[in-house]
Colleague: 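Pasting a structure here, questions to come.
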Amino acid sequence: MKVCFETFGCRLNKAEALQMEAEYLAKGWETTKTHKDADLFVVRGCSVTRRAQEDCEKLIAHLRHRYPAKVIRVCGCLPQATRSKTREDSEPDEVPVPIRTARAYLKVQDGCAGKCTFCIVPKFRGSSKSVDFVRVLDQAKRFVDAGYHEIVVTGCNLALYSSQGKRLHDLLLALADIDAGCRIRLGSVEPEIGTLETVRAMSERPNICRFLHLPIQSGANRILKAMCRPYLVHDVDEVISTATALMPNLGLGCDLMTGFPDESELDFTATVGLLKRFPFSKAHVFPYSRRPGTPAAGFPNQIARTVKTTRARQLTEAALAARQKFAQSFIGKTVELVIEDAQKVSGWTGEYLPCKIEGSVVPRKKLVRARVYNVKGDLLRAHLIKEK
């Protein structure tokens with residue numbers, strides 16, 4: 001029997017899909033990327049935006065039409081999906097370890113207690129639930145034993161992690177101490193006051209990747225308040241200023257939404273100013289999507305699509321220029337990367353820049369050091385530093 005996985009959305013969805021894939025393999029299933037060869041389709045959907053949900057539903061409709069006799073299992077953040085839950089204490093610890101990817105994805109939290117006016121996710125994933133602290137460490141050790149040299153920590157809202165009196169910064173330090181030869185990469189984390197402790201923890205261990213991604217959304221307090229975000233611009237400034245002071249050459253990522261209802265030119269200018277005020281190296285820019293079932297969908301003064309598109313393009317252009325400038329700063333420097341593509345000998349640096357090693361053969365999943373000699377766009381070109 002063969003199963004085909006189709007996964008949409010964030011790293012959390014990817015982590016859940018990889019774990020499910022491992023469980024199918026343990027039961028004797030084979031995986032396939034070809035629809036016609038599959039006996040079962042597992043579609044892990046996303047409803048963060050209306051377009052994301054529509055893309056998922058189009059695929060499901062296509063599969064049902066093209067393969068009416070085959071079984072389709074829908075899960076993840078879709079209205080018709082079964083809500084994801086953390087494993088109960090009575091379930092066995094020895095779940096299969098996903099081995100297909102070059103980096104391991106470690107789910108430590110699910111759900112969200114937030115009430116953001118643009119977001120539908122809490123309706124599908126429920127309130128915040130954290131995976132038991134000891135179980136997280138046990139799973140991380142099993143990833144290391146399986147040969148992984150990078151573990152990506154994922155969750156729906158990582159800032160809410162709490163188990164046995166341990167918060168996210170405690171978890172990061174504990175994970176980093178499992179094996180100095182395994183990198184720990186933090187997923188997206190809200191820029192709240194508590195994030196300062198997480199930033200300080202990142203700076204204390206060299207094997208925690210120097211990349212911090214913040215879903216900031218807007219640089220205007222008026223819009224953040226309308227969104228019901230749990231922070232204001234000065235909180236963002238404090239987190240970023242602390243992080244960049246503690247970790248030079250920090251890769252700094254963000255999510256920026258433009259065109260939220262009633263966003264004025266002044267509000268948009270404030271977001272542009274935030275993007276230019278700090279050394280961002282990666283920005284996910286997207287126009288506001290009117291999501292049915294959320295408060296913001298009924299807000300007055302909805303922004304015209306043409307305005308949203310124009311503003312998103314301006315932010316994207318500014319973000320790309322900043323990313324290329326950041327990449328250029330690595331010429332002549334030494335970087336670390338986990339090889340994800342053995343044929344191209346390429347992977348991602350700790351700062352989350354793509355890097356290609358020239359003139360060397362390196363196996364997939366291996367953690368190596370290289371010296372950057374050139375940059376093309378945001379791609380680092382480097383030579384392998386051979387360990388003595």
Side-chain angles (χ1 to χ4, degrees), residues 1-87 95-112 119-126 139 143 148 150-156 185 187-188 255 284 286 289 291-293 340-341 343 347-348 364-365:
M1 299 287 283
K2 294 184 178 180
V3 57
C4 178
F5 286 85
E6 294 283 1
T7 303
F8 295 80
C10 64
R11 286 176 174 174
L12 175 59
N13 257 7
K14 185 172 183 177
E16 291 171 338
L18 288 170
Q19 184 58 60
M20 187 178 290
E21 179 182 308
E23 291 168 3
Y24 272 96
L25 290 172
K27 293 175 182 177
W29 287 71
E30 295 180 39
T31 60
T32 179
K33 294 183 179 180
T34 306
H35 290 168
K36 67 178 181 179
D37 293 337
D39 300 289
L40 168 67
F41 300 107
V42 177
V43 180
R44 183 163 288 278
C46 174
S47 289
V48 171
T49 65
R50 182 176 59 187
R51 181 173 179 178
Q53 180 168 326
E54 288 174 350
D55 288 344
C56 300
E57 291 173 342
K58 284 179 182 177
L59 174 63
I60 293 169
H62 166 74
L63 294 175
R64 284 175 175 162
H65 175 75
R66 183 71 175 82
Y67 307 99
K70 296 185 179 182
V71 177
I72 303 173
R73 181 178 179 185
V74 181
C75 48
C77 295
L78 278 181
Q80 67 267 45
T82 300
R83 183 173 293 173
S84 176
K85 295 182 179 179
T86 304
R87 292 186 299 124
V95 295
V97 174
I99 58 174
R100 180 171 58 83
T101 56
R103 297 183 290 167
Y105 290 82
L106 180 63
K107 176 182 173 181
V108 305
Q109 184 271 343
D110 200 353
C112 183
C119 186
I120 198 75
V121 171
K123 290 187 178 182
F124 302 142
R125 289 192 175 266
Q139 181 70 354
F143 280 137
Y148 282 103
E150 181 171 320
I151 296 174
V152 183
V153 181
T154 68
C156 186
R185 187 181 294 279
S188 180
D255 294 328
H284 175 212
F286 55 102
S289 174
R291 187 64 179 80
E340 296 200 33
D341 188 327
Q343 290 186 332
W348 296 90
R364 188 168 175 264
K365 291 189 178 182

Colleague: Please assess His35 against Cys4 for the test side-chain contact (heavy atoms from CB on, under 4.5 Å), listing each intermediate value before the final yes or no.
Modeller: CA-CA 7 Å; His35 290 168; Cys4 178; 3.7 Å; yes
Colleague: Atom CG in Asp110, atom OG1 in Thr154: separation rounded to 0.5 Å?
Modeller: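 Separation between the atoms: 9.0 Å.
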Colleague: In Å, rounded to the nearest 0.5 Å, how long is the span from CH2 of Trp348 to CZ of Arg185?
Modeller: 9.0 Å
Colleague: Mark yes or no: Lys365 above the aromatic ring of Tyr148, with NZ or CZ under 6.0 Å from the six-membered ring centre and no more than 45 degrees from the axis.
Modeller: yes
Colleague: Mind checking side-chain hydrogen bond (donor to acceptor under 3.5 Å, both in side chains) for His62 and listing every partner two or more places apart, or none if nothing turns up?
Modeller: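 side-chain hydrogen bond (donor to acceptor under 3.5 Å, both in side chains) check on His62 returns nothing, list empty.
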Colleague: Looking at Ala17 and Arg44, what are the two nearest heavy atoms and their distance?
Modeller: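 Answer, listing the atom of Ala17 first, then Arg44: N-NE, 3.7 Å.
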Colleague: Heavy atoms only: give me the nearest Trp29-Leu25 pair and the separation to one decimal.
Modeller: O-CD2, 3.4 Å
Colleague: Counting only N and O atoms by type, is there a donor-acceptor contact under 3.5 Å from the side chain of Ser289 to the main-chain atoms of Arg291?
Modeller: no
Colleague: If I take atom CZ from residue Phe5 and atom CG from residue Leu18, how far apart are they, to the nearest 0.5 angstrom?
Modeller: 9.0 Å
Colleague: Measure the OG1-CE distance between Thr32 and Met1 for me, rounded to the nearest 0.5 Å.
Modeller: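 Thr32 OG1 to Met1 CE: 13.0 Å, rounded to 0.5 Å.
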Colleague: Short question: side chain of Gln109, backbone of Gly111 - any donor-acceptor pair under 3.5 Å?
Modeller: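 Judged by distance alone, yes, a pair lies under 3.5 Å.
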Colleague: Find out whether Cys75 and Glu16 are in side-chain contact, i.e. whether some heavy atom of one side chain is under 4.5 Å from a heavy atom of the other.
Modeller: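 Cys75 vs Glu16: side chains apart.
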Colleague: Could you tell me whether a side-chain N or O of Lys70 sits under 3.5 Å from a main-chain N or O of Leu63, the two making a donor and an acceptor?
Modeller: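 Answer holds: no.
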Colleague: Short question: side chain of Thr34, backbone of Lys36 - any donor-acceptor pair under 3.5 Å?
Modeller: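 Not confirmed, Thr34 side chain does not pair with Lys36 backbone.
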Colleague: Is the side chain of Lys123 donor-acceptor paired with the backbone N or O of Gly293 at a distance under 3.5 Å, no angle test?
Modeller: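 Checking the backbone N and O of Gly293 against the side chain of Lys123, a donor-acceptor pair under 3.5 Å is found.
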Colleague: What is the minimum heavy-atom distance between Ile120 and Pro292, and which atoms define it?
Modeller: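 Smallest heavy-atom distance, with atoms named: CD1-O, 3.8 Å.
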Colleague: Would you indicate whether the side-chain heavy atoms of Val121 and Cys112 approach each other to under 4.5 Å?
Modeller: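 No, too far: nothing below the 4.5 Å cut-off.
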Colleague: Starting at CG of Leu40, measure out to NZ of Lys2 and round the result to the nearest 0.5 Å.
Modeller: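 Taking CG in Leu40 and NZ in Lys2, the distance rounds to 13.5 Å.
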Colleague: Could you tell me whether the side chain of Val42 reaches within less than 4.5 Å of the side chain of Tyr24, counting heavy atoms only?
Modeller: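 Contact flag for Tyr24/Val42 side chains = yes.
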Colleague: Which value, rounded to the nearest 0.5 Å, describes the distance between Phe8 atom CZ and Glu57 atom CD?
Modeller: 10.5 Å
Colleague: Under the side chain to side chain contact (heavy atoms under 4.5 Å, CB included) rule, collect the residues that match up with Arg364, sequence neighbours excluded.
Modeller: Ala102, Ala342
